[in-house]
Number of protein chains: 2
Amino acid sequence: MTSPHRPLRADATRNRAALLAAAEAEFTERGLDASMADIARRAGVAKGTVFRHFASKEELIAAIVAGHFRALSEYARALDDASDPGGALVEFLAEAAGGQAHHDLSFLQTLTEGDSSVAAARDQLHADVERLVARARDAGAVRGDVTGTDVWVLICAPVHATGYVRDPAPDLWRRYLAIIVDGLRPAGAQPLPVPPPTWP
Amino acid sequence: MTSPHRPLRADATRNRAALLAAAEAEFTERGLDASMADIARRAGVAKGTVFRHFASKEELIAAIVAGHFRALSEYARALDDASDPGGALVEFLAEAAGGQAHHDLSFLQTLTEGDSSVAAARDQLHADVERLVARARDAGAVRGDVTGTDVWVLICAPVHATGYVRDPAPDLWRRYLAIIVDGLRPAGAQPLPVPPPTWP
DNA sequence: GGACAACCTGACCGGCCGGTCAACTTCGCT
DNA sequence: AGCGAAGTTGACCGGCCGGTCAGGTTGTCC
């Protein structure tokens, strides 16, 4: 978590939040090449302030990614006591995709493999997904040969698919989520040709 | 096509081919940030030569992308007289994914939307996919509510999915292709919640 | 209200990258 | 063989980007 080594000053907390929001917006608009200077400008602070809060661009990205992982993790856990495990899994996937449809930051994920706080948040989220999938599988809503990691790697697929059409409808990702979910169901499933990947 | 305005000199043809190969390799390894200087070095030529053959980095990328589109297009057309339309579609998707698994250049695609020769090759390939899907649908191998464009946008999904696991088996994409293909089949299909996108 | 630490600022730096160009080399043709 | 055109070279340029830091500012606590 964010180590409360010393409580931040009031303006520092404000600036940090503004920076994270600005960075998120800038990264979604300009991609990985969004510059620290632009992020600072958008947050209404000087360039130096960015580097006071985040020692490097990588660290800023890591903070964003870890934040998203943690938020999704919380959402997943809230679904733990759902009465319909199959529906819960789909609802989780929809939440994940819905967030990406608004701010697709999946391309930042690979850049932060080294960061330990990201790794922790990621592993936690993966465990949450694994649990959702296990319940859905036990309930017969998901085919038996599909693992949590399989679902994990497919999370971004619906939104990425929409990236290949011009001016996609804002909820087009639901169409591809539906297709993939149908592929995860037991009905009409053909045997899978390759063993599942191990985690990590 | 490549306009034969004047026949290229022998060394020029060699260099052009070397440059395309080097660029492809460099882009797969370093991503979009691969530098023109590195590409030149890898091809064994000077930097200026790159810009003689391709006026800008964008143009080089466009040449690569268009080349891949055309190669896939040819493959798709060779499948036109297959006796099993469902199998033909899957075979095409496997060829596309197999190529990407070796050299994933899908991230270059969005950068070349403006280029007219890329647009032509892309539209041609899309038409080919549409035809493969139509036949598979008529044969009952693909659900009725799925369009060619749906399949088009899902082409990259199997390979992209493998990008989220460490050291994926080289043919892991086959697993996710199988899942998606199962989602495209009529068996157990649930109605899709959103209308398909129009092309383009 | 004063004093100190935390924080912010913005000019500055080195490095890299896409792109240019005048001088030189090589191909291809007769 | 020799000549002109096509091709190649590599030093060079302007611009941008991540990152630094000395000095000014502001929150906070007594």
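Computed over heavy atoms, backbone and side chain alike; hydrogens, waters and symmetry mates excluded. Throughout, a chain's letter reflects where its sequence line sits, starting with A, and its residues are numbered from 1.
Side-chain contact, Asp128(B) with Tyr75(B): no donor N or O sits under 3.5 Å from an acceptor N or O. Of the N and O atoms on the side chains of Glu24(B) and His68(B), at least one donor lies less than 3.5 Å from an acceptor on the other residue.
Taking 3.5 Å as the limit, the base of dG18(D) and the side chain of Lys47(A) contain a donor-acceptor pair of atoms between them.
Atoms CZ (Arg52(A)) and P (dG19(D)) sit 17 Å apart, rounded to a whole Å. For Leu111(B) and dG18(C), the CG to C1' distance is 14 Å, given to the nearest whole Å. One can place CE of Met36(A) at 10 Å from P of dT20(D), the figure rounded to the nearest angstrom. Following rounding to the nearest Å, Phe51(A) (CZ) and dG10(C) (P) show an atom-to-atom distance of 16 Å.
At the phosphate of dC7(C), neither OP1 nor OP2 sits under 4.0 Å from any side-chain N or O atom of Asn15(A). Between dC7(C) and His53(A), no contact under 4.0 Å exists linking OP1 or OP2 to a side-chain N or O.
Within a 6.0 Å sphere centred on CD of Glu29(A), other residues, nucleotides and ligands contribute more than 12 heavy atoms.
For the pair Gly48(B) and Asp38(A), both in contact range of DNA chain D, the more 5′-proximal nearest nucleotide belongs to Gly48(B).
A perpendicular orientation is assigned to the rings of Trp152(A) and His126(A), their planes being inclined by more than 60° (bins at 30° and 60°).
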